[in-house]
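So you know, we letter chains A, B, ... as the sequences are listed, proteins then strands, and number each from 1.
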Amino acid sequence: MAQTYARGPIGQSTLRVEDDPLLKGLGAFVDDVAPPKNTLHLGFVRSPHAHARICSIDTSAAKRLPGVVDVLTGRDLVDLMKPIQVDPDKPGFKITHRLAVTIDKARFVGDTVAVVVAENPYIADDAVEAVAVEYEALPAVVSLDASLAPGAPKIHDYIADNVIYENEQKTEGFDAVFTAAPHKFVRTFRTSRIAVASMEARGCIAIFERGLGTLTFWTSTQVPHIVRHALSEMLGLSDSKIRVIAPDVGGGFGMKAYLYPEELVAAALAIKYRGSFKWVQDRVDDFLTSNHARDQQYKMSYAVSAEGIIKAIRADILVNIGAYASFPMGSSLEANGGPRNMPGPYDFAQFAFRTRAVATNTCPTGAFRGVSAPSTFFSVEGMMDTIAKELGLDPVELRRRNLVTKFPYTNAMGQRYDTGSNGECLDRALELSGYVAYRRSQPASRLLDGKYRGIGVATVTEQTGQGASRYKERGLYRVPGFDAALIKIEPSGKVSAFVSQAAQGQGHLTTWSQIVAQELGVVPSDVTVIQGDTATVPFGSGTFASRGAILAGGAIIRATKIIRDKVKRIAASVLEASATDIEVADGYAFVAGVPKMRVALSDIASIAYSLDARLIPEGEEHGLEAIAHYDPPTSTVSNATHVAFVAVDPATGAIEVERYVVVHDCGRVINPMIVDGQVHGAISNGLGQVLSEALIYDESGQLTTTTLLDYHLPTALDMPTIQMEHMETPSEITLGGFKGVGEGGVIGAVPALAGAVRDALSPLGIEIIRLPLDPPYVLSMIEAAKAKRTN
Amino acid sequence: MAETRSSGYIGRAVPRLEDSRLLRGLGRYVDDLAAPPGTLHLAFLRSPHAHARIGSIRTAAAAAIPGVHVIATAADLAGLFTALRADYERPGFNRSEWYSIAVDRARYAGEIVAVAVADSPYVAEDVLELIEVEYAPLPAVVTVADAVKPGVASLHPNIGNVFFQGSFKSPGFDAAFAAAPVIVRETFTGSRIASAPMEPRGGLAVYDPGRDDLTYHATTQMPHIMRTAIAESFGWSESQIRIIAPDIGGGFGPKAYIYPEDILSIALARKLERPVKWFCDRMEDLQTTLQARDHRFDGELALDRQGIIQALRVRIEVNAGAYAGYPFGSSIEAAGGAVMMPGPYRLKYYAYEARSIATNVCPAGAYRGVSQPTAFFVMEGLLDRAAAKLGLDPAEIRLRNILHADEFPYTNAIGIRYDIGSYEECLKRALALGDYAGYRSRQTPTRFVEGKYRGVGIACFTEHTGQGASRYRDRGIRRMPGYDSAVVKVLPGGKAAAYVSQTEIGQGSITTCAQIVADRLGLDINDVTIVEGDTSLTPHGSGTGASRGAVAAGGAVLRAADKVREKMLRIAGDFLEASPKDIELNDGYAHVAGAPQLRVAIAEIAAVAHAAHDRPPPKGHGFGLEATDHYDPPHVYITNATHLAWVAVDPATGLVSVERYLVVHDCGRVINPLVVEGQIHGAVAQGLGQALMERIVHGADGQQQTVHFLDYLLPTALDLPPIEIAHLETPSPETAGGFKGVGEGGVIGALPALANAVADALKSFNANINRLPLAPDHVLDLIDQHRDRRVTAA
Amino acid sequence: MTTETTHVRLTVNGRVYERTVEPRLLLVDFLRHELGLTGTHVGCAHGVCGACTVIMNGETVRTCITFAVQAEGAQIKTVEGLAENGRLNPIQQAFHENHALQCGYCTPGFLMTVTEFLDENPDPSENEIRHALAGNLCRCTGYVNIVRAVRAAAEKMRSGAVQR
Amino acid sequence: MKPAKFTYYAPETVAEIIALLGRYGDDARPLAGGQSLVPLMNMRVARPAVLVDLNRCKALDAVSDDDGTLVLGPMVRQSGGERSELVRRLCPLLAQTLRFTGPRAVRNRATIGGSLAHADPVAELPGAALALDATFVIEGANGRRTLKPDAFFVGQLTTAIEPGEFLREIRIPKAAANTVSAFIESGARQEGVAIGGVAAQITLAGEVCQDIRLAAIGVGSGPVRLTATERTLLGRKLSEALITEAAKAAEDDVDPTTDLHATAHYRKRLTVALAERAIKQALAGPRTN
């Protein structure tokens, strides 16, 4: 904590500027954007089979429907676009191709077989029904086990074992240390497949402007620049002729950090027909085709000393990647996310892992808030609870013995933690939650008022703000990694900030305006943030992976510094002082110590834009703007402790979260209210994953949970009040000292809630190794345990 | 100028990139834009009186029409915006304001008194007819002479109807003038004219109440300046305002201004929270779009007996109309003419007095060439008179006075520096190409050939181009930044885009900028996208006007492209393990000079720069392949030309026909000869219109009588001769790229060349050509007068 | 035959359109704002500048001084209908190659005028060309290159006709 | 510039036209080519409550030869009239005049009857009609009546057509044998709206002028016959000198006013010059059989 920061807009709970239009119903989500006259609507014919050869497609009946403009199959589209190809030609990777509309085979229920073009979405639905496809059903594989079984059907002909990506590493001397340790523990954890289910599903409008030969592409995305580049590459239209706009986006959570086949098709048809095309997804289609997440299995082997000190960890990780690798994150994202996060807040030197991404006849999976980390910490913290229990230690005590508390620290994966507050966070969380007292009063039976009650503690880390080098190392070439900001003090003295990212509700407009305001000595309300439009904002990566504050913040700080220096030089010339003596605050540049010798920023802007009697000083360029990029050298690590209190009803198996405490450290906090909001929302995502959410494929590969009646999202009734505190340990690596925060809540909530249930049911000898803990499953475990005990 | 090898696009006659969509009917002019749902249409009730006090306004009957949304007067809009004010506050300028809707008093016929907002433009016009306004007409001042009579009421508080006055006199002027043995003097007047772009003015204001921001599509040449004006008038941040100039159907200067209709439509869009559209019809355009060239110049030229110019004195009076327009203010015509008058001749002693006078007619302002056409009508007219007096040929007197190549850089009598030029060469070349000597030798004293009087006219002139910030500050014009800017990007896929602060209004700037980018970056021109005319997409700068595009915007594009080029060379050097200075960019590849097989695709260089490649960008060079640069031309850059016109005058009808027209021109390094020639053709046509037929006529009451194209005559294909053009290229050693401007020169030369040609044709009548247009009745009068009007001797 | 609105059915560039309009709606407003064919422009609305020229039933007409109701049953060709298979037709191409347009606002009217003219007079003299163009105003080009383009288009179309 | 509202009728028969014109009287205006009326409506200078569109009435655009008289329906388009073999043969002056009535796109739509009924003082066709001694057939509820040009052209933009009536037919006597004719005009630019113009039709007997009708436009509230010039030439051998001298007499025939485009003096001068040229140009042309 070497650096101290001046007070100013940063750190204030500034109310969000995003809210006013959203509260007035003036938001503009994709379906709210008025498309041009004569826009045509797309419908996608989805395969009803998980795995089937396509024998024939009869489009004639559909084409005859009034209002149907065209019906196209994969063959009609194959010349319009390149296949989606993402993974690099590097060891461990298998290069796969995906056709936006498949030609030979359907590989999951929802794979696209044909596209209809109609005058309105109703007719499009009619036409989709009228397309007659003849399939030859093939045996489908759905689960990891089935896919890896010898002789399993192949998803892609060119991948013999269905393993798309594989990575195996071991630290030097691992075997000896592992063998030598006195205690060994092995458990296998599984997390269910879940859906992002953003409240706004996907959608896009592709508008080809015939006169200019340009494509304007509105899409509900987190990564407009990546989408633009991908469209350019796959459709062969110069990226200078493509404008991608992410308007208001109704939730993304990682799922919208991808380019989807529907987007490619809409854009390709707009170019082909020189017209406008729109598609807005419905909820069933979202469940079927928007990337799923976290269908993972972790086999964890721990070697531990007699004192409970972790000596070595071995992990064997399997990720069900679904039918295809998705653009731009590819097949390795989730598989590598496990080992990358696994060292977490604990100090150990020996680590071995093998991780594999396995193809199945299911919807592709990808990033969802936290990527693999919630599953990883479900497994890691599950092991900590298990080991503590086996060794007769309090779970907190075991954690405390293993926590990294001295910084900087480099973990077994080589990741450097510059600063952190693992111990402090834990202490404060225990204090706030009354952990010691709770344990002291806790009955051994865990039964209180007819329910099993338990407490779970999770200490977690969150890797945030990764830059280009990290993505290149990971083989994610399609993710630039850097972000950029173009800041302008406009002629009026007000400020515009164009940031390369695109928000989905995080409050970018507010937080960025605070940073800009702080750095330029103005008030946030004088700053307008522009984002989400490739035409106006500089190139960059986008918003995902808890990178917003770090990447955008860093770019803003760098750009504003350039401007501030220029302001000082111009002010120095006006005030006949030295630039080194000039300070900038409250909308003025003034001579340090002589606040009356000052010149307003608006006057400096007038001079810079040549709208003043005074000419810009000799040698100075016109304008008052700067663009800067920021590419952090490594990941930055946030840390947190979550404490959850639950009650399990033995009669129904229902779990109630009774209390929840978080102490969190994401470095320097820009807007505490917004950070709180991020943590709250993420905890609810974690709570859903632990308690209720699961996408269920039957054995034939049919998805049985395709509505919000079948797929259970948490409601206000499910969420406890959350008691939260921030610790601020600024990063020494990042500009501004920021660390990321978007995903941490899920990462902590999953192990804390699972741990609390584990604690509540510990007298029954139940092990919590699988999610979700839905009532039937919990009840079945309780009944099985009781039955075992009575036997 | 660092000379590096280029792929040769600069200088090539590339057919324009703009054309394809325009030829297919796919242009998007303001009225072509798909109006957003809920768009309302705005129409303007205009004062029928040139000067009147406004009494009560009754709207009840109008408000009863189905489809009307709002009828508003000044009172209804009070507080929504403030008046626009463009001038400096410094000696010579008298402060005045222009409020967008008449409060209490209308100062010209056409000033907006009330507005109607309705479902359709048809209904909006229906509404206007039923608004009843009580006017108390006031005496109107229509001419400069009337406006400055003692006792005439001031149109604006405390200005005495003088918007601006300025003067200058070279040290030693009086003595030099007094000593000269030969003096010619004449009073020249031009008629007030209209720019009459084929697309009238219009706007579409879309206010987003959710974001509290405004997108305004407007027929403007200067979107950035408009944005600042609107921000100022409404008290907003520029961040909240996006001005888009879509395709513009001709600008020519008057579309560089902010108009009351702009402000009112924005105010109403915001008030009603609905998109508001307006589109002037031709009658409104002819009556309310800024007019020009209502000039009276009294010139006196003093010479020695050899015809060598000794001194020049001019008194300039400009009828500026009712208001000083934003951004150029009240001085542009009066002071501009005075400053640009000295021209291509050796002139040591110069004096001027200039003033802009307020009257009850439509405001006047910049129109292609501003005052230069009049200035050279005067200068070249005086020279011809002096030649006649001295018995010299008009060509000879020019040859004796014109600046020679070895005299550059030359600083003229008012301190303007001419960097370089081909003044004498241009004249000689024109005389040779036109077989001037041969023509003269065949000419008879009567000039009468086959039923018509035929003559030739010469005009040599300078054109002030590419003025930068310091020039505008010197001239007292504060709202014109003077510099321009460009952002050049090579995108991840290896194609380029440039965002330029100027606006395409037909001059081909998309193509010329693309040529510069393609040239510097070694790309195919079809892989270069140019974006202009959108304040959200383009960097801040001045816009299009005053022959500054190639110099200021072209310079900015060139400089920004060269920055990107440098970075590309570094990455390529890294790839090819060669020194960046040995690398050339061509045809989409970077290759080692002399070893074309040692190459890397620009697309790959772009991928590296955008972290979309497994190869990292060279250390320390950062991501992206883009650069912003500005160009503020340090001085003014002088383009020179000679025009020769051959005319025939029908003595029965007075109709003048132009039989041949020759231009020899030097605008420095030519980017695209096709485009340069197009600029000259069009400008000559406008000069021809002004010289022969165009005139706005006001009645004594200030009513404008020429309100449509049946009365306000534009030249047609039958009036224009083929125009022969020869280019001389003397690149400026000072501007980026060596470019000079060219947009206005054609008008400047056409006026004096045609006037002098008619004078030559009517030589036997001693016709005094000192007033425009040379319309048939005027010409016939000149012939009829048939009396000896010898040039007055001193 | 009514006060308020009238039904109009006509064919534009080969496509049939039907709309209900006020009788006072000008044909140019109909094309532009009802049908979205904004290539045809309004330069004066009093029949002088020629920017609004289209070909109706085989002959050029000025749509700013024709009512939409009068086009009932008509066959209309506008500038949008000139390109052949997406390619500029010889007249459009000649305008492009000879830089015969600048701001482009008047261009559609010129193209339609020239279409009719060259159809009737495939080998015109320069004087005939200038007469044919005299009803269309252009404020940018000085007509120099438009005349050139018409001559070039005529040559190209004649040689094309010979080849065929 | 959008027209005010009106009620629109597009009758298909003459009877319907007459019924509608009779019903609406002064409120109704017939719509022929619309090339003069619609601009005025766009400017809201003209604002008829009822527009009776004649374009759907098939009976009105016929051209025929009624035993030596050229009979024109009012809806004959100007470009059609110019191309008409019958017009060229029977009445060359009309064909010659029709070349000057506007740009092609206007003449495609504009009608001969519409221009005559509009009676613009600088319009070409009224001048030609006067020189041709046309007969105007007007029809209304009370039947037909016929008028000669001097009675038909009442003043600027005014004819003798009464409310309820319309111009039903124009009848022009076939040019006699050995007739020559010309129409010329001059404006403020090379072509376009005329400042003045002269139509000349001369029947010759050898070199002697047997009959002559000269009409000038742009010099009065309607077309003006140049009787002084005619008188000077009638019955005489047409030498160049005589023509020049006779043309000068045209000054006495016209009494123009000054307006935006030219002074009264200029218009007089122009009429003289154009009369001389029109006569000379006519004489240089072919004679009718």
Residue part contacting chain B, namely of C:I146, when any heavy atom lies under 4.5 Å: neither

Region of B:I505 in contact with chain C, defined by heavy-atom distances below 4.5 Å: backbone

Toward chain C, the part of B:R28 with a non-hydrogen atom under 4.5 Å: side chain

Heavy-atom side-chain contact between B:Q515 and B:N672 under 4.5 Å: yes

Short N-O contact, C:E155 and C:R151, less than 4.0 angstrom: no

Heavy-atom contact with chain B under 4.5 Å, split by part of C:I91: neither

Contact origin within C:T141 toward chain B - heavy atom pairs under 4.5 Å: backbone

Between B:D31 and C:T38: side-chain donor-acceptor atoms closer than 3.5 Å: no

Part of B:L714 within contact of chain C (heavy atom distance under 4.5 Å): both

Electrostatic pair C:E97-C:K156, nearest N-O below 4.0 angstrom: yes

C:L111, part contacting chain B, at a heavy-atom distance under 4.5 Å: side chain

Side chain / backbone / both / neither for B:P121 at chain C, heavy atoms under 4.5 Å: neither

C:H46 portion near chain B, given a 4.5 angstrom heavy-atom threshold: side chain

Residue from B:E744, B:H665, B:R368, B:Q507 passing side-chain hydrogen bond (donor to acceptor under 3.5 Å, both in side chains) with B:Q679: B:R368

Residue C:R148 versus chain B: region with a heavy atom under 4.5 Å: side chain

Whether C:Y143 and C:F110 hold their rings parallel, tilted or perpendicular, with breakpoints at 30° and 60°: tilted

Interface residues of residues 48-61 of chain C facing chain B - heavy atom cut-off under 4.5 Å: C:V48, C:C49

Charged N-O contact under 4.0 Å between B:D285 and B:R282: yes

Engaged part of C:A45 at the chain B interface, taking heavy atoms whose separation is under 4.5 Å: neither

Side-chain donor-acceptor pair present, B:T219, B:R201, cut-off under 3.5 Å: no

Side chain / backbone / both / neither for B:F709 at chain C, heavy atoms under 4.5 Å: both

